[in-house]
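Report on the structure given below.
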Amino acid sequence: MRILVTGGAGFIGSHLVDKLMENEKNEVIVADNYFTGSKDNLRKWIGQPRFELIRHDVTEPLLVEVDQIYHLACPASPIFYKYNPVKTIKTNVIGTLNMLGLAKRVGARILLTSTSEVYGDPLVHPQPESYWGNVNPIGVRSCYDEGKRVAETLMFDYHRQHGIEIRIARIFNTYGPRMNIDDGRVVSNFIAQALRGEPLTVQKPGTQTRSFCYVSDMVDGLIRLMDGENTGPINIGNPGEFTMTELAETVKELINPGVEINMVENTPDDPRQRKPDITKAKALLGWEPKVKLRDGLPLMEEDFRLRLGVTKKK
Ligand SMILES: NC(=O)c1ccc[n+]([C@@H]2O[C@H](COP(=O)([O-])OP(=O)(O)OC[C@H]3O[C@@H](n4cnc5c(N)ncnc54)[C@H](O)[C@@H]3O)[C@@H](O)[C@H]2O)c1
Ligand SMILES: O=c1ccn([C@@H]2O[C@H](COP(=O)(O)OP(=O)(O)O[C@H]3OC[C@@H](O)[C@H](O)[C@H]3O)[C@@H](O)[C@H]2O)c(=O)[nH]1
């Protein structure tokens, strides 16, 4: 099987590549523009004959002969997707069009990593795939959430009009080793802050919730979806739900009990609650997450300690 992973130099993408490369029958091609990803995440595969890395921006057409396309390319942290919103929406719309064009031309199956952000600030809780969402079309997050909604539309239109084999995963907040230290998302922020002995920055009101999935569970779900028979959309996430204050308290307890927790200003349109209904993933993919937050955080702490050069006190 020859597999293209767009965004494969990023956080989830590089873990997906590791898993795909474990199967010696697979050849993996990564296309990435290194906006938020890095070659370093893939260093163990560079030079391996079954692996190829291309510096490529998905807003430009790409022609490679492949059987499957995992289309992940898109900045995922709010700080980075809001940094150049026009580029983010181009990546979601033109980038997805280009990858669908490629899938059509070479007859490949394509999986899109959509997001729980398509549910916006959800009025239904937990969120099943049948919920259409509550999204601000002109807000500062729209380049990302509306961008992914259009990307889902394009996937289904290519499927209905051209018979392309599609898969859509709606990913909920995912964390784990290799997240950028300055990524800006909440778990990486809190772990880096705790290790540096800086106050944990809880954005107000602190009662907003998220559900955090460990990256190995996520990769397992994505591969099951790609290799299974269902188009989706299917939620992939861990239903364990926490307020941001609870998350800060857990990180403090596990990593640095001496650290302070500071309440800071939030950004516009921050969703107040988020938790996946994973009934479909369980029934259709036989998938459910295995790693609990309290078990995943120490694995990420270990990686962050190494990269920050902070050793554990005995
Ligand atoms: N991590 C999460 O919690 C989460 C949640 C929902 C959805 N997702 C989706 O999963 C995918 C991967 O997320 P991640 O957390 O690994 O983020 P990430 O930022 O670490 O990875 C994204 C990768 O895409 C690359 N990229 C960005 N724009 C590109 C472009 N125009 N052309 C080529 N490459 C480009 C980046 O350089 C990076 O390597 C994204 O599509 C994201 O929207 C992630
Ligand atoms: O330092 C921080 C950072 C963030 N937060 C809060 O933590 C919560 C989560 O924020 P994050 O930036 O980690 O991520 P969000 O849940 O807003 O968006 C995320 O959701 C779905 C994905 O598609 C996106 O890729 C991802 O960034 C928010 O309520 C935010 O206000 C803090 O309290 N402190």
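Each residue takes its place number in the sequence, starting with 1. These numbers come from the heavy atoms of this one structure, side chains and all, not from hydrogens, waters or symmetry mates. Remember, it's 1-based here, ligands and their atoms both numbered in the order they're listed.
Each of the atoms 4 (C), 5 (C), 6 (C), 7 (C), 10 (O) of ligand 1 lies under 4.0 Å from some heavy atom of Ile171. For ligand 1 and Pro75, the ligand atoms under 4.0 Å from any heavy atom of the residue are 27 (C), 28 (N). For ligand 1, the atoms lying closer than 4.0 Å to a non-hydrogen atom of Ala76 are 13 (O), 14 (P), 15 (O), 17 (O), 19 (O), 42 (C).
Under 4.0 Å from ligand 2, heavy atoms of Gln203 appear from its side chain as well as its backbone. Counting heavy atoms under 4.0 Å from ligand 1, residue Lys148 touches it through the side chain alone. Contact annotation for Asn189 and ligand 2: only side-chain heavy atoms (C-beta onward) come within less than 4.0 Å of the ligand. When non-hydrogen atoms are compared, ligand 1 lies under 4.0 Å from the side chain of Arg185 (C-beta onward) but not from its backbone. Residue Phe172 does not touch ligand 2, judged by heavy-atom distances below 4.0 Å.
Residues Val124 and Val135 fall into different hydrophobic clusters, defined by Ile, Leu, Val, Met, Phe, Trp and Tyr side chains chained together at heavy-atom separations under 4.5 Å.
With respect to atom 32 (N) of ligand 1, the closest heavy atom belonging to the protein is Val58 N, 3.0 Å. Of the protein's non-hydrogen atoms, the one nearest atom 25 (C) of ligand 1 is Asp32 OD1, 3.4 Å. Among protein heavy atoms, the minimum distance from atom 34 (N) of ligand 2 is reached at Thr201 O, 2.6 Å.
Distances from atom 18 (O) of ligand 2 to the heavy atoms of Arg210, Gln273, Glu117 put Glu117 nearest.
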